Structure formats: C-alpha cells, structure tokens
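Report on the structure given below.
Quick caveat, the model's predicted, so the values are computed rather than measured.
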Amino acid sequence: METRPKIALFQCKWCLYSEPDQNWVDNELPSSMHLVKLPCTGRINPLYILNAVQGGADGIVISGCLPEKCHYKEGNLRALRQHDEFLNFLDYIGYERSRVRFVWLDLQDRGRIQKELADFKSEIAKLGKAKVLATRSKVSPGGQYA
Amino acid sequence: MPELKTELRNNIEQLLNDQAVDVVIAFKKADLPLRPQPAFFRNVEELEDLEYNGLCQNNLANYLTRYPHDTKIGIVVRGCESRSVNALIVEKQHPRENLYMIGVPCQGILDIRKIINKTGEDITDYSEDGDQVSVIFKGNEIKLQRSDLLHDSCLRCVHPNPVNADVLLGDPLPEGDPTIVRQAIEEFEALDRDERYAWFQKEAERCIRCYACREACPMCYCTECFVDHTTPRWTESDISQAGTQAWHIIRAFHQAGRCTSCGACERACPMDIKMTYLTDKLNKDMLEVYQFEAGMDDNTPPPFASFNLDDKNRFVI
Amino acid sequence: MMYILVKKNLDQKLSEWSAKYEVVAPQKVEAYSQFLPFTESSELALNEPHNTRYPPKSLFLPQSEVMLKYNKRLNKFDEIRILPEKRIIFGIRPCDASALTLLDTVFDTEEYQDPYWAGRRENTILVGLGCSEPPSTCFCTTVGYGPFNHDGLDAIMTELDDVFVIEALSAKGEKLFSDFPAATNEHELSVLRIQSNAKQGMNQAFETEGLKQTLDHLFESDYWSEIAESCLGCGVCTYLCPTCFCFDIVDEVQRNERVRNWDTCMFRIYSQEASGHNPRPTISERTRQRLMHKYSYWLDHIEKIGCTGCGRCVRYCPVGLDIRAMLRTASNFESEVVNVG
C-alpha cells in the first residue's frame with residue numbers, strides 16, 4: 001500500500017460535473033490520498049489546511065468551481081481571497097507554497113482531476129517530506145504502545 | 001505633555017457633566033510609575049487620576065466589545081486605536097452614534113522593556129517633556145531620548161493621527177513613512193526559507209499559551225476562540241511545537257485586513273515573543289493586493305469579508 | 001555552618017557538579033531569564049535583582065507533561081514518568097522555594113501523593129540565592145516570608161563583592177558544600193548586615209491581618225467588578241505565579257498521548273461546564289477566584305497565605321494591575337459597605 005507522498009484533497013462537492021470522475025474520487029482514490037468533501041471551497045477554513053499540514057500531509061489539493069459557476073454564487077471567490085493570502089502567509093514563514101495546488105474545474109474538464117492529482121503527486125514526490133512546520137508527533141520519549 | 005493632559009481632562013469633564021456619555025475609557029495613574037492602567041471614568045471626581053503619557057501601552061478599543069450596544073461610550077483614541085474602533089464599527093461591534101472618540105495625535109508608545117534595559121528594573125518616577133524622558137532610578141535622575149525608547153511597532157507607524165475622531169486635541173502630526181514597514185517585511189521575505197522558518201520557530205516555541213496577545217487585541221473578541229474549542233479540537237492545547245505554531249499562525253491570520261499594527265499583542269507578551277512581523281506581512285499584502293488598510297473609515301468591510309468578480313482573473317486554471 | 005564560594009570559581013564548580021548532577025540555573029533568554037540546564041556555554045543570570053520571569057515551579061510541575069501513551073486499537077497504555085536522576089537547582093530565590101513548600105501541601109500529602117511531583121522534589125537539591133536588593137515590586141515580607149527566607153531550601157547564598165557566602169540548611173545541603181572553605185567572621189558579619197538591610201528596605205504592601213475576613217465579607221460585593229474592570233482575562237499572572245498549580249488533563253488524540261497542562265482560573269473555559277453554563281461568567285468572578293484562593297481558601301486549608309510575594313504578577317501584567325493595590329482597596333471597600341449598610 002502506498003503511503004507517501006501523503007496528499008489531502010479538499011473537494012467542493014459540486015465541482016466534479018462528470019459522474020465517473022466523482023465516482024473515481026469517492027471510491028478509487030489511491031491510498032496515499034485523503035479525501036475531504038465539502039459543500040463549497042468557501043467552507044474551507046485556513047485551519048483545515050493547517051491541520052492537514054500538521055497532520056502530516058506532504059501536499060494539499062483544493063478543487064473547486066470556476067468563478068460565476070459557484071453553486072452558492074460567491075463561495076469560491078471568497079475562498080480564493082482567503083486561501084491565496086493564507087498560502088502567501090505560510091510561504092512567508094517558510095512553508096513551500098508549491099505544496100498546495102488549486103484545481104478549478106469547468107464543465108468540459110472530464111478526467112482532469114485524475115491527471116492533476118497524478119501530476120501533483122509526482123511533483124510532491126520530488127519535493128519530498130516537508131521540512132518546515134511541526135507535525136503532530138510524540139513529544140515524549142518512551143512507551144511501547146501507540 | 002501637561003497641556004495635552006489638561007485639555008483631555010477638560011474635554012472628558014465636559015462630556016461627563018453634559019451626560020453625553022455613560023463612561024469614558026482612558027488611562028489612570030497607578031502605583032508603579034511605568035504602568036498607567038486603562039480606566040473607566042463615570043464621575044468627574046475620579047478624573048483626579050487621569051493619566052496620558054507615552055507609557056499608556058494598551059489599546060483601549062479592546063474594552064469596547066464588553067459593553068452593550070446602547071451604552072454611550074467616550075474613548076480616548078490615538079492613531080491605531082481610532083482605526084481599531086473604526087474596524088469594530090464596521091464589524092458591528094458598537095454603533096457609531098453611541099461612540100464619542102476623543103482623538104489624540106500620538107507621538108508613539110514607549111517600550112517599558114527598552115527603558116528598563118537602559119536603566120534598571122526599579123524605576124521610582126517618570127516624567128516626559130517633548131522628546132525628553134526622565135526617570136528616577138535608585139535616587140538618580142536619568143535622561144533619555146524618546147526616540148530611543150519607542151516600541152518597535154510605533155517606529156513603523158504610518159498613521160499617528162486619529163481617523164474619524166469626534167474631536168482632535170493637539171496639532172496633527174506628520175504621517176509616518178510607509179516604506180519603513182514595507183522594507184522590514186521585504187528584508188524578512190528576502191531571507192531564505194530555512195532562515196525564515198528558523199525565526200518563526202524560535203519565536204513560537206517560547207509561547208506559554210497564556211493568550212495575553214489575544215486578550216490584549218481589540219479585534220480578538222470571539223466569545224469562543226478556536227483554541228478553546230473542544231469538539232472539534234483544532235490544535236493541541238499543550239506547549240508542543242505543533243500547538244504553539246498553529247496558535248501563532250491562525251491568530252495572526254485571523255487579523256488579516258483587521259489588524260491596525262498597534263502592537264498591543266507584542267507589548268502584552270510576557271515572553272517577549274515577536275508577533276508584529278506576522279501581522280505586518282498580512283497588512284502589507286492587504287494594501288498591495290486590495291488597496292485596503294484596516295479602520296481608515298467606518299464602513300468598508302475588510303477584503304476577506306467581501307468578494308469581487310474582478311478577482312476572477314486571479315483564478316489560475 | 002557557613003561556607004564560601006568564590007565568584008570566579010562559580011562556573012568551574014557548576015561544571016564539576018554537572019558530572020554528578022543535572023545542574024539547573026537561571027539563564028538569559030532574549031531579554032528575560034529562565035531556569036535552564038547548565039552547560040559550558042551557559043550565560044548565567046544570577047545578578048538580576050529579582051527572580052526569573054518563567055517560574056521554577058515548571059521544574060517540578062512542567063507546563064506540559066506527558067503522563068501516558070495509549071493505543072486505542074490494542075486497548076493498552078504505557079505510563080510515562082520521566083524523572084530527573086539527581087538535580088541541583090542553583091540560584092532559586094527564596095520566594096520560589098517557599099512556594100514549593102506550599103505546593104507540597106497540594107501534591108504531596110498523606111492522602112494523595114503525586115508521584116511526578118514527589119519524585120522530582122526528592123531528587124532535587126535547592127541552592128537558594130537571597131535577595132540583597134529586593135525590587136519595589138516584591139512584597140515577600142508582607143505575606144510572612146522574607147528576602148532570605150529558609151523555607152524549602154537546602155542552602156542559601158548571600159552575595160558579597162567577590163564571594164557567595166553559603167549557609168547549609170539541611171543534611172543534603174551540608175553534604176553538598178562540606179568540602180568548601182569555611183566563611184570567616186568578617187563574612188558572617190557582612191551577611192548579617194546585608195540580610196537585615198534587605199529586610200528593612202521592604203515595606204508592608206498591604207495589611208494581611210483580617211484580610212481573609214474582609215475578602216470573605218466582600219464575596220458578593222461590587223468590589224470585584226471594580227478592581228477587575230481593566231483585567232484582560234489572560235493567563236500571565238497565574239502562569240508566572242509560583243504558587244498557582246491548577247492543571248488540566250487532555251488527551252491529544254492525534255498523537256495518542258495524555259498530557260497534563262497548566263490551566264488557569266482566569267480563562268473562561270476553565271469553569272465552563274459541558275452544558276454551556278459557566279458559573280464564573282465574567283472576568284470579575286474569575287478575579288475573585290484568583291484572589292480568594294490565594295488570600296482566603298489557602299488559609300482554610302493550611303492557615304497560610306497562598307502567595308509568597310514574588311512580584312511576578314505585578315511586574316508582568318499587561319495592563320499594570322497590581323495585586324497589592326487591589327488588596328489595599330479591599331479594606332477601604334469593606335468600610336464603605338459597612339458604612340452604607
């Protein structure tokens with residue numbers, strides 16, 4: 001079973017227009033990828049991204065709808081503002097911005113999510129494990145369990 | 001600054017006498033000469049204790065959110081404080097009509113730690129006259145230059161004059177130089193990744209999670225902070241690296257487009273942790289990308305509370 | 001018996017001890033001082049007039065301490081107890097040492113014994129450094145201690161120009177210093193003079209006689225909301241306090257560790273109940289708890305005030321609140337209440 005690179009996929013549940021694609025994401029995602037399905041990219045709090053990073057994700061993909069195509073009219077526009085700045089901010093304190101990728105999907109983008117994820121995975125594999133920002137790891141030595 | 005203090009006192013006295021306000025938030029003298037305290041004046045008699053000098057280090061806008069909306073509040077504001085008040089008005093934390101802002105152009109807040117560094121811990125008296133500050137340490141008077149003692153965030157201050165105040169006491173000061181803070185941030189950005197992280201790590205790991213930065217900040221008024229959530233739990237609550245880093249990142253990010261660079265967080269920190277380099281970066285980006293500065297008026301919502309279709313060009317497909 | 005330690009031999013002596021003990025001494029971190037393990041490159045901060053900013057209670061009750069690690073799947077756990085072998089805490093101030101004896105009555109009683117606390121206490125030798133020039137923010141004499149108080153210490157040092165004069169106070173202390181040169185009469189006289197000068201230089205900051213009754217009397221009054229009006233509700237005073245000991249045990253589920261963290265009554269969530277009800281809903285009730293605990297409830301338990309006058313809360317409060325001034329106004333307030341009533 002593949003475990004690295006670990007990738008967290010935050011997906012807006014409306015962004016994949018084709019049923020086979022959504023099926024693939026729901027059921028056939030590689031074991032190193034972790035799916036978080038949300039009602040809209042606007043629901044993604046920067047805390048979610050940070051949690052994924054601190055939980056040990058090597059890369060993060062956020063997939064959402066194009067502007068003016070948001071199911072909730074403006075969710076993605078608000079999300080873009082926040083996430084864009086959040087990544088600038090993480091970059092400022094040393095985290096590589098390239099570890100997070102946005103995928104904005106359109107109606108005709110069938111089969112694109114698979115390609116994007118594969119491409120992103122190979123890029124993250126090149127970058128290796130993130131060296132900055134502490135992950136939630138044991139803080140005390142000793143003990144055989146856990 | 002004795003004239004300014006007299007003017008301030010007269011102003012507050014009149015407000016209280018006219019019953020134009022229920023309470024006036026200002027500073028009062030305390031036993032320790034370096035530590036004037038925030039004070040809440042309801043009677044004219046209490047004004048004996050009124051204080052205003054460079055050592056008034058707290059952001060008074062912090063107390064605004066404690067009052068019900070129908071309380072008529074008078075508040076003494078300097079440049080950054082007035083902007084914090086404006087930002088709170090935008091966020092509907094108090095109606096503008098129930099506020100009376102007594103504006104004082106600010107010459108900068110002094111950093112108590114810088115004073116103590118130059119003299120010693122046990123200062124028994126303090127006075128200031130223009131650019132001169134004099135303290136009594138072990139019975140000896142020591143004269144210091146005000147400019148050497150300014151708090152770091154005040155050295156970078158751009159707007160020393162109150163914005164949107166009802167009355168302005170004293171003459172307006174020249175605006176600060178916005179390139180100073182920009183340069184400081186650009187210098188930090190120019191460091192390589194590891195150095196930047198090493199700095200962040202060094203600062204964050206001294207954190208003792210006392211949340212003085214949060215409580216001292218006027219914009220941190222959430223009833224329940226994300227670190228206090230138990231279901232779901234967002235961060236580790238101990239002083240592990242992951243926990244303290246998450247706190248510092250998210251605390252700063254929640255200030256994006258709302259922070260007025262007053263530096264109250266840094267002055268409150270008992271462990272001398274640098275924090276303004278984080279919020280200053282966000283402020284710089286807000287200015288560059290959205291041409292927005294927090295609290296410059298009382299009706300423009302911060303960039304993250306609004307959206308614009310023009311942003312669509314920034315969607316990289 | 002009094003011994004001397006020549007100042008210029010200090011580093012050498014600490015290094016020698018380091019071979020046999022873990023030596024912890026106050027050191028500079030940024031602009032403040034904190035107790036840290038002594039190494040060759042350590043920059044000692046013994047000459048500050050006051051105590052370290054971060055309290056040495058953390059050496060016995062760490063701010064965060066892993067108590068056990070567990071595995072939910074296997075349904076098993078391991079107890080984690082990392083205790084020091086043998087340790088010398090060098091240069092602890094008398095207020096912080098006496099605070100440890102107060103905390104002993106919480107963590108090490110006949111009924112309950114905290115193995116973490118007791119283990120650390122047992123393995124530690126406390127070498128105190130008396131305060132020759134206590135700053136005006138300190139008030140140890142007011143609460144019944146003093147700048148050269150002996151409580152909890154194994155030895156106490158008095159700083160002279162080029163030597164520390166050491167008085168051994170326990171068998172442990174006597175053993176540690178037995179091969180040190182003895183102090184001369186002259187030394188002992190200077191020590192007496194310094195100690196009495198230090199004590200005389202300190203004022204009575206507030207009246208402790210009858211303070212408990214006053215506070216108890218004021219429990220329901222407006223006194224609390226008045227003194228706490230500018231309080232921010234942060235944890236500076238309690239986290240830096242050497243006698244505050246509240247803790248919270250949390251499961252860090254993502255890393256499968258159970259951790260004991262400091263907690264403070266000044267936080268809203270400290271008293272928040274699961275239902276959402278909070279019996280101490282505002283900062284005034286929380287301030288009341290903090291003050292009453294120190295100056296009233298401790299007296300109910302051990303007939304001692306739960307404060308050793310270290311002055312940290314006075315020095316580092318972000319809004320400059322001064323516990324001494326608060327307590328002074330208590331008696332004024334009481335007379336007002338009585339007069340009106």
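- In this structure, the portions of B/L282 lying under 4.5 Å from any heavy atom of chain A include both its backbone and its side chain.
- Using cut-offs of 30° and 60° on the angle between ring planes, the pair B/W247 and B/F226 is parallel.
- Checked for salt-bridge contact, A/D91 and A/R99 miss the test: no charged N lies under 4.0 Å from a carboxylate O.
- Listed options A/R136, A/R81, A/E74, A/E85 were ranked by heavy-atom pairs under 4.5 angstrom with chain B; first place goes to A/R81.
- In terms of non-hydrogen atom pairs under 4.5 Å with chain A, the most contact-rich of B/A246, B/S240, B/G243 is B/A246.
- Taking the six-membered ring where the residue is Trp, A/W104 and A/F102 present parallel rings, their angle staying beneath 30° rather than reaching 60°.
- Heavy-atom distances place the side chain of A/Q54, and not its backbone, under 4.5 Å from chain B.
- For the residue pair B/Q255 and B/T279, no side-chain donor N or O sits within less than 3.5 Å of a side-chain acceptor on the partner.
- In this structure, the portion of A/L50 lying under 4.5 Å from any heavy atom of chain B is its side chain and not its backbone.
- Residue contact with chain B, scored on non-hydrogen atoms closer than 4.5 Å, involves the backbone and the side chain of A/L133 alike.
- Of the atoms belonging to B/L191, not a single heavy atom falls under 4.5 Å from chain A.
- The closest donor-acceptor contact from the side chain of B/R193 to the backbone of A/Y95 lies under 3.5 Å.
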